[in-house]
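Okay, so here's the structure we're looking at.
Positions are given from 1 along the sequence.
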Amino acid sequence: ILYFIIRSNIFARAGLWPPKAKAETVAQPAMTAEQAIAYIESVTWKGSRPGLERVRELLDRMGCPEKQLKYVHIAGTNGKGSTAAMTASILNAAGLRAGLFTSPYIYRFHERIQMDGRQIADEKLLPLILKVKALAETMEEMPTEFEFVTALAMEYYRQEACPIVVLEVGMGGLIDATNVIPAPVACVWASISMDHMGFLGKDLTSIAGVKAGIAKEGSLLISCKQEREVEVVLQKKAEQVEIELPEDVLTFLAENLRSNIRQIEGVIKRLTAYKEILDDTITIDSIKRAISDVIRVGTFIPSPDSIINA
């Protein structure tokens, strides 16, 4: 009977034969990268709240990725973003696949987290946001947006086995979320001037003191030419961490590229002495070539008697 039923195409005519293969179910992400970015930029995370307790707790829950990386830590008021970008470009040119963590971004969030000259990809970013989100939401005091992104970046660099991360301070230095790191290869100060006075202090000495807070024992300390009162603060901090601040501090004049190149040359020449990271293959010519590849996007606002470039 079964044979007759099958041969007579009853099942086929009823649309039941041959059995249809199960349609594959493609799992759709609960959130897109754009939605995830909007989430961490939402009101939940906004604000600047001093202290390292939250970011330390978050990183501890993530397995302390910040302790598995090496850094060049850069603070300052003017020029720290450019210094970071140029330093990373030079390290990339040397084949080191350097990470670059900066803020804020101009066009897209991905600019903040780069490695080997490339912005983080959506397929890497989304799982990281979801991972950090799940942990952050269990904390009694949730982290700020900058703390969230700092922790996310450090986990990304750990996963990518990044050899060295060029880390730009967000604001100040001493209690900035980036200062949760262990002693970096080098602590670098670009030009320090009046900056975020509501958070850092009302005078240059106080502001310099906060920015000097990135100095750690065992790190190479590098500064551009500073105002005398800033140099006094940096020298005092260097003595506290028992490191000699080089006397031949580098000249930094923001008004022309050539002086910027001199600053970066000095930074890299000092880093070259740190054999664990660099060797003698980095030359002044290779530095200049790497710097010429750097593009820094900012605002350019002409007016009749001045130009604002931020």
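T150 places none of its side-chain heavy atoms less than 4.5 Å from the side chain of L58. Proximity of L125 to H110: side-chain heavy atoms (C-beta onward) are separated by under 4.5 Å at one or more points. Contact check for V180 versus T178: no side-chain heavy atoms found under the 4.5 Å cut-off. When side chains are defined from C-beta on, L135 counts as touching M62, because their heavy atoms get closer than 4.5 Å. Contact check for V72 versus V165: no side-chain heavy atoms found under the 4.5 Å cut-off. In this structure, the side chains of I74 and W189 stay at 4.5 Å or more apart for every pair of heavy atoms. Counting heavy atoms from C-beta outward, I113 and L152 have side chains that approach closer than 4.5 Å. R54 is listed as a side-chain neighbour of T144, based on a closest heavy-atom distance under 4.5 Å.
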Might you work through the side chain to side chain contact (heavy atoms under 4.5 Å, CB included) test for K133 and I40, ending with a clear yes or no?
CA-CA 8 Å; K133 172 181 180 290; I40 63 175; 6.0 Å; no
Output, in order, the C-alpha distance, side-chain angles, deciding distance and verdict of side chain to side chain contact (heavy atoms under 4.5 Å, CB included) for V55 and F148.
CA-CA 7 Å; V55 69; F148 187 111; over 6 Å; no
Let's go through E239 and K236 carefully: what are the C-alpha distance in whole Å and the side-chain angles of both, what is the deciding distance for salt bridge (Lys or Arg N to Asp or Glu O under 4.0 Å) to 0.1 Å, and is it a yes or a no?
CA-CA 5 Å; E239 291 168 0; K236 184 177 179 181; over 6 Å; no
Verdict with supporting geometry, L69 and I181, side chain to side chain contact (heavy atoms under 4.5 Å, CB included)
CA-CA 9 Å; L69 300 164; I181 63 172; over 6 Å; no
Could you walk me through whether R112 and E145 pass the salt bridge (Lys or Arg N to Asp or Glu O under 4.0 Å) test, one step at a time?
CA-CA 13 Å; R112 299 178 67 174; E145 177 189 346; 3.7 Å; yes
Take V132 and E155 through the side chain to side chain contact (heavy atoms under 4.5 Å, CB included) test and state the conclusion after the steps.
CA-CA 9 Å; V132 179; E155 175 63 11; 5.6 Å; no
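Checking side-chain atoms of Q235 against main-chain N and O of V232 turns up no donor-acceptor pair under 3.5 Å. The closest donor-acceptor contact from the side chain of S82 to the backbone of G79 lies at 3.5 Å or more, if one exists at all. In this structure, the side chain of D116 does not engage the main chain of G99 through any donor-acceptor pair within 3.5 Å. At least one donor-acceptor pair under 3.5 Å links the side chain of E111 to the backbone N or O of I106. Remark: the backbone N or O of G170 is paired with a side-chain donor or acceptor of D176 at under 3.5 angstrom. Using a distance-only test at 3.5 Å, with no hydrogens or angles considered, no donor-acceptor pair links the side chain of Y157 to the main chain of P65. Without hydrogens or angle criteria, T102 side chain to E168 main chain gives no donor-acceptor distance under 3.5 Å.
By the side-chain contact (heavy atoms from CB on, under 4.5 Å) test, T77 is found to be paired with I192, S193, D195, K211, residues two or more places apart in sequence or in another chain being considered. With sequence neighbours excluded, the residues satisfying side-chain contact (heavy atoms from CB on, under 4.5 Å) with A36 are M31, L126, I129. Remark: R108 engages no residue in a salt bridge (Lys or Arg N to Asp or Glu O under 4.0 Å) (not counting sequence neighbours). Residues that satisfy the side-chain contact (heavy atoms from CB on, under 4.5 Å) test with E160, not counting sequence neighbours, are M115, K124, Y156. With sequence neighbours excluded, the residues that form a salt bridge (Lys or Arg N to Asp or Glu O under 4.0 Å) with R61 are E57. Here E53 pairs with nothing under the side-chain contact (heavy atoms from CB on, under 4.5 Å) rule; sequence neighbours left out.
Between F109 atom CZ and E34 atom CD the span is 12.0 Å, to the nearest 0.5 Å. For the atom pair CG of L167 and CE of M154, the computed distance is 5.0 Å after rounding to the nearest 0.5 Å. Once rounded to the nearest 0.5 Å, the distance linking OG of S223 with CD of E231 reads 6.5 Å. With values rounded to the nearest 0.5 angstrom, L96 atom CG is found 10.5 Å from K70 atom NZ. A distance of 4.0 Å separates CE in M194 from CD1 in I207, rounded to the nearest 0.5 Å. For the atom pair H73 NE2 and K80 NZ, the distance stands at 9.5 Å (nearest 0.5 Å).
Hydrophobic cluster membership differs between V210 and V233, with clusters built from Ile, Leu, Val, Met, Phe, Trp and Tyr side chains linked at under 4.5 angstrom. At a threshold of 4.5 Å between side-chain heavy atoms, the hydrophobic network of Ile, Leu, Val, Met, Phe, Trp and Tyr places V169 and L174 in one connected group.
Side-chain N/O atoms of S89 and N92 include no donor and acceptor closer than 3.5 Å.
Smallest separation of non-hydrogen atoms from A98 and C162: C-SG, 4.0 Å. When all heavy atoms of G201 and S206 are compared, the closest pair comes out as CA-CB, 4.1 Å. Listed here is the closest heavy atom pair of D122 and P127: O-CD, 4.2 Å. When all heavy atoms of C64 and D60 are compared, the closest pair comes out as SG-OD1, 3.2 Å. For E66 against Y71, the heavy-atom pair with the smallest separation is O-OH, 2.7 Å. A pairwise comparison of heavy atoms in T83 and A190 identifies OG1-CB, 4.2 Å as the closest pair.
Counted within 6.0 Å of CD on Q68, heavy atoms from surrounding residues, nucleotides or ligands total more than 12; the atom is thus considered enclosed. The 12-atom threshold is not exceeded at NZ of K67, counting heavy atoms of other residues, nucleotides or ligands nearer than 6.0 Å.
In this structure, F101 and F146 have tilted ring planes: the angle between them lies in the 30° to 60° band.
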